[in-house]
Student: 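So that we are looking at the same thing, I have put the structure below in structure tokens.
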Amino acid sequence: MDIRFYNTLSKQVEPFFTVTPGVVRMYSCGPTVYDFAHIGNFRSFLFADLLRRFLETAGFSVQHVMNITDVGHMTEDNAADGGGQDRMQEAISRMKENKKSGRVPEGAISDPNDPYQIAEYFTRAFVNDGRSLAYKVAYEYPQKTPRATEHIAGMQAMIADLIQRGHAYVAADGVVYFSVESFPEYGRLSGNTLEHLHEGKGGRVSDQNQALKRHPADFLLWKPDNHHIMKWDSPWGVGYPGWHIECSVMARQLLESPVIDIHTGGEDLIFPHHECEIAQSCGASGHYSFANFWIHARFLLVEGEKMSKSKGNFFTVRQLLDGTATFQGEALPAVHPAVLRYELLKAHYRSNMNFTRKGLQDSAGAVKRLTEFRRRLESAAGGQVAAPDLQHPIVQRFLGCLADDLNIAAALGVVLPWANEPSSDPAADLAAFKLINQVLNVAPLGEGLPDCQPQYYGEFDEEDEAYQAALNLCRELDAARQQKDFARADLIRSQLIEAGFDVKTTREGTVISV
RNA sequence: GGCGUCGUGGCCGAAUGGCUAGGCACCGGAUUGCAAAUCCGUUUAUCCCAGUUCGAUUCUGGGCGGCGCCUCCA
């Protein structure tokens, strides 16, 4: 299969290749764990998931690693001086408030002053959110999701290495900086070459710090600082690592190679984060490349606007899933995780995705259609499933679209019409659908994941009391209709609708779904 | 100002130098006690200007607009 991706490094779509044939080493920049992840984060994560699942289905063995950043970097942790507030300190303050107001479950955090407990709390929340959206690497926690704080020794080793190779130096105040002038390729990824960078502009970088650096763009590798909450001993004094070094170290260590195949992240990370990663990794390894393919997801907008807390269009995954999100003063109904996954997946990664209420409705319709198609296939096939066949024409076309720079919309344009047609060979089509669902993973959500109950859209927990009560109402409704007591039937139906169910009256009786 | 990226119908979104996906929504019909669902059918488009061409939405150039980065951010 001819696979092509847009590579930020070359700014063009180019044929995909791997360092080791058949194996993909892939690293994704993950979340910081000072708060709950929002849907913008997950747009980028699920794009990486789609990429990974596509490559796996196309026959590659994919090693996917995603970091968890828990070091407590600074709010203005720019290349210069690590100024601003400690983000972990901010998280601690928020946590104390939330604990006081009862928004944190009893026993979840015994000591809100302990940064490791804060990190643990939000890491678990992240992993749960990820798993609920069938984000595969979240199921490989903790093996494939390293924490920065567990790799401090590795970071120190790389920093020492960089100093030794002449790529880093200790400034007069003891801070270790990467010397961008020692790395001529600096700017290759972002286009922000040293000539183009605004040098220490805006007065946010203190002159004092600038004076100590050899070049204004030199960035922090280690900062001796006894006041930082999370701090470690080092050859350069007790302090904390720079923001960029963790990814260089963890990618190399967990993917067991100085050169990896794919590195993903949000577009905002291109500069300075990824630019600096390249400088560090290549500086330390001596290789020309760190990652051969840099693939970045564009930002997600909410109803056409950038998501921000002040605009009230800022949603976390859990808010949307449990129905506690509000928008423009109105509560949003709880979204089924398969629908949210589909919604965050359905737009091309290199275009702005506009997250809207209407989009969610559309996605619900599509997921429902796929779910019903699958159920039709399952019952028509009568328990038979053919062997997975990549040569199935629909699978071929589906994967072909994704091979073209992950053209998900075209791929969906293949699957959805197919799902409307009657099947001439249900067993083969079911096998094909399963292959496609390896990638989309929405019908059902979670299929193929270990320790996961595959979750169909519109499916109910049989044990649920509300569900049982609703079923009883359905029987009453059927009885009322049989007796031609339509007033009563309508009343019961409106009760069910009010309780949040979709009510359908079929020949076999009344049926409800979400 | 520098570096990128995107711009298709009411919405989401493909494809293509000429025959113009798909989904959702809407509308009409069938069906139904009424709804819903389902089935059948239909309507609406290529940001602007110039160039190349027999013909451009597709190629080229120039605008305009959205978004991102250049400062923490997926």
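Values below: every heavy atom of this structure, side chains too, minus hydrogens, waters and symmetry copies. We name chains A, B, ... by the order of the sequence lines, and we start the count at 1 in each one.
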Student: For a ring-ring contact (aromatic ring centres under 6.0 Å, His included) check, start with the C-alpha distance between A:Phe16 and A:Phe293, then their side-chain angles and the critical distance, and finish with the verdict.
Tutor: CA-CA 8 Å; A:Phe16 179 64; A:Phe293 284 81; 5.1 Å; yes
Student: How many whole angstroms separate atom CD of A:Glu372 from atom P of B:rC24?
Tutor: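 Spelled out: CD on A:Glu372 to P on B:rC24 is 11 Å.
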Student: Show the nearest heavy-atom pair for residues A:Ala443 and A:Tyr456, with the distance to one decimal.
Tutor: C-CE2, 4.0 Å
Student: What's A:Lys484 touching, base or sugar-phosphate or nothing? Going by heavy atoms closer than 4.0 Å.
Tutor: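 A:Lys484: no heavy atom of the nucleic acid under 4.0 Å.
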Student: Would you classify A:Tyr34 as touching base, sugar-phosphate or nothing, given that sugar-phosphate means primed atoms plus P, OP1 and OP2, and contacts are heavy atoms under 4.0 Å?
Tutor: nothing
Student: Calculate the interatomic distance between A:Ile512 atom CD1 and B:rA37 atom C1'; express it in whole Å.
Tutor: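 The answer, rounded to whole Å, is 15 Å.
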Student: Could you please name the partner base of B:rG51, counting Watson-Crick and G-U wobble pairs only when both distances are under 3.5 Å?
Tutor: B:rC59
Student: Would you indicate, yes or no, if B:rA15 has its OP1 or OP2 atom less than 4.0 angstrom from a side-chain nitrogen or oxygen of A:Asn407?
Tutor: yes
Student: Have a look at A:Gly359 and say if it touches a base, only the backbone sugar-phosphate, or nothing, with a 4.0 Å heavy-atom cut-off.
Tutor: nothing
Student: Using a cut-off of less than 4.0 Å, is there contact between a side-chain N or O of A:Asn420 and OP1 or OP2 of B:rG23?
Tutor: yes
Student: Between A:Gly30 and A:Tyr6, name the one whose nearest nucleotide on RNA chain B is closer to the 5' end.
Tutor: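 Checking each residue's closest nucleotide, the 5'-ward one belongs to A:Tyr6.
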Student: Looking only at side-chain N and O atoms, does A:His215 offer a donor or acceptor that is under 3.5 Å from a partner on A:Asp218?
Tutor: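 There is no such pair between these side chains.
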Student: NA contact type, A:Ile408, heavy-atom cut-off 4.0 Å: base, sugar-phosphate, or nothing?
Tutor: nothing
Student: On a heavy-atom basis, which atom in A:Tyr457 and which in A:Val339 lie closest, and how many Å separate them?
Tutor: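 In this case the closest contact between A:Tyr457 and A:Val339 is CE1-CG2, 3.4 Å.
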Student: If you look at every strand shown and take non-hydrogen atoms under 4.0 Å, does A:Ile270 touch a base, only sugar-phosphate, or nothing?
Tutor: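 No contact at all - A:Ile270 keeps every heavy atom at 4.0 Å or more from the nucleic acid.
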Student: What I want to check is whether an N or O donor and acceptor connect the side chain of A:Thr505 with the base of B:rA35 at under 3.5 Å.
Tutor: yes
Student: Decide yes or no, distance alone: a donor-acceptor N/O pair under 3.5 angstrom between the base of B:rC6 and the side-chain of A:Arg350.
Tutor: no
Student: Mind checking A:His348 for me? I need base, sugar-phosphate or nothing, with any heavy atom below 4.0 Å counting as a touch.
Tutor: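 Sugar-phosphate: the residue A:His348, judged by heavy atoms under 4.0 Å, touches backbone atoms but no base.
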Student: Counting Watson-Crick and G-U wobble pairs only, both distances under 3.5 Å, name the nucleotide matched with B:rC11, or none.
Tutor: B:rG23
Student: Classify the side chain of A:Asp362 and the base of B:rG23 as holding, or not holding, a donor-acceptor pair under 3.5 Å.
Tutor: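 Pair found.
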Student: Look at the side chain of A:Lys346 and decide which nucleotide, out of B:rC67, B:rG33, B:rC12, has an atom nearest to it.
Tutor: B:rC12
Student: Any idea which of B:rC69, B:rG10, B:rA36 is nearest the A:Lys504 side chain?
Tutor: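 Of the candidates, B:rA36 comes closest.
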Student: Looking across every strand, which nucleic acid part, if any, lies under 4.0 Å from A:Ala37 by heavy atom: base, sugar-phosphate, or nothing?
Tutor: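 It contacts nothing in the nucleic acid.
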Student: Rounded to whole Å, please give me the gap between CZ in A:Arg397 and P in B:rA14.
Tutor: 16 Å
Student: Look through every strand shown and name the nucleotide pairing with B:rC67 as Watson-Crick or G-U wobble, where both distances are under 3.5 Å.
Tutor: B:rG4
Student: From C-beta outward on A:Ser44, which listed nucleotide comes closest to its side chain: B:rC24, B:rG4, B:rA74?
Tutor: B:rA74
Student: Answer yes or no as to whether B:rA74 has its base stacked against A:Phe299, where stacking requires a ring-centre separation under 5.5 angstrom and planes under 30 degrees apart.
Tutor: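 Per 5.5 Å and 30° rule: yes, stacked.
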Student: Under 4.0 Å between a side-chain N or O of A:Trp243 and OP1 or OP2 of B:rC73?
Tutor: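 True: A:Trp243 side-chain N/O within range (under 4.0 Å) of B:rC73 OP1/OP2.
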Student: Going by the side chain to side chain contact (heavy atoms under 4.5 Å, CB included) test, name the single residue among A:Asn354, A:Asn352, A:Asn41, A:Ile39 that passes it with A:Leu300.
Tutor: A:Ile39
Student: Closest approach to the side chain of A:Ala489, judged atom by atom: which nucleotide of B:rC67, B:rG33, B:rG2 is it?
Tutor: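 Closest nucleotide to the A:Ala489 side chain: B:rG33.
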Student: On the nucleotide B:rC12, are OP1 or OP2 found under 4.0 Å from the side-chain N or O atoms that A:Tyr342 carries?
Tutor: no
Student: Parallel under 30°, tilted from 30 to 60°, perpendicular over 60°: which one fits the rings of A:Tyr135 and A:His64?
Tutor: perpendicular
Student: Find the partner of B:rC34: check Watson-Crick (N1-N3 plus N6-O4 or O6-N4) and G-U wobble (N1-O2, O6-N3) distances, both under 3.5 Å, and reply none if neither fits.
Tutor: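 None - no nucleotide pairs with B:rC34, as no candidate has both distances under 3.5 Å.
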Student: For atom CZ of A:Arg397, decide whether the heavy atoms of other residues, nucleotides or ligands shown that lie under 6.0 angstrom number more than 12.
Tutor: no
Student: Under 3.5 Å, is there any donor-acceptor pair linking the side chain of A:Arg43 to the base of B:rA74?
Tutor: no
Student: Would one find a side-chain N or O of A:Asn41 under 4.0 angstrom from OP1 or OP2 of B:rA74?
Tutor: yes
Student: Can you tell me the distance, in whole Å, between the CG atom of A:Leu301 and the P atom of B:rG7?
Tutor: 14 Å
Student: Considering only heavy atoms and no angle criterion, is a donor-acceptor pair shorter than 3.5 Å present between the side chain of A:Asp490 and the base of B:rG33?
Tutor: yes
Student: Considering just the side-chain nitrogens and oxygens of A:Arg369, establish if one lies under 4.0 Å of OP1 or OP2 belonging to B:rG22.
Tutor: no
Student: Can you identify which nucleotide, out of B:rC34, B:rG23, B:rA14, has its nearest atom closest to the A:Ala409 side chain?
Tutor: B:rA14
Student: Using a heavy-atom cut-off of 4.0 Å across all strands, would you classify A:Ala410 as base, sugar-phosphate, or nothing?
Tutor: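 Touches sugar-phosphate only.
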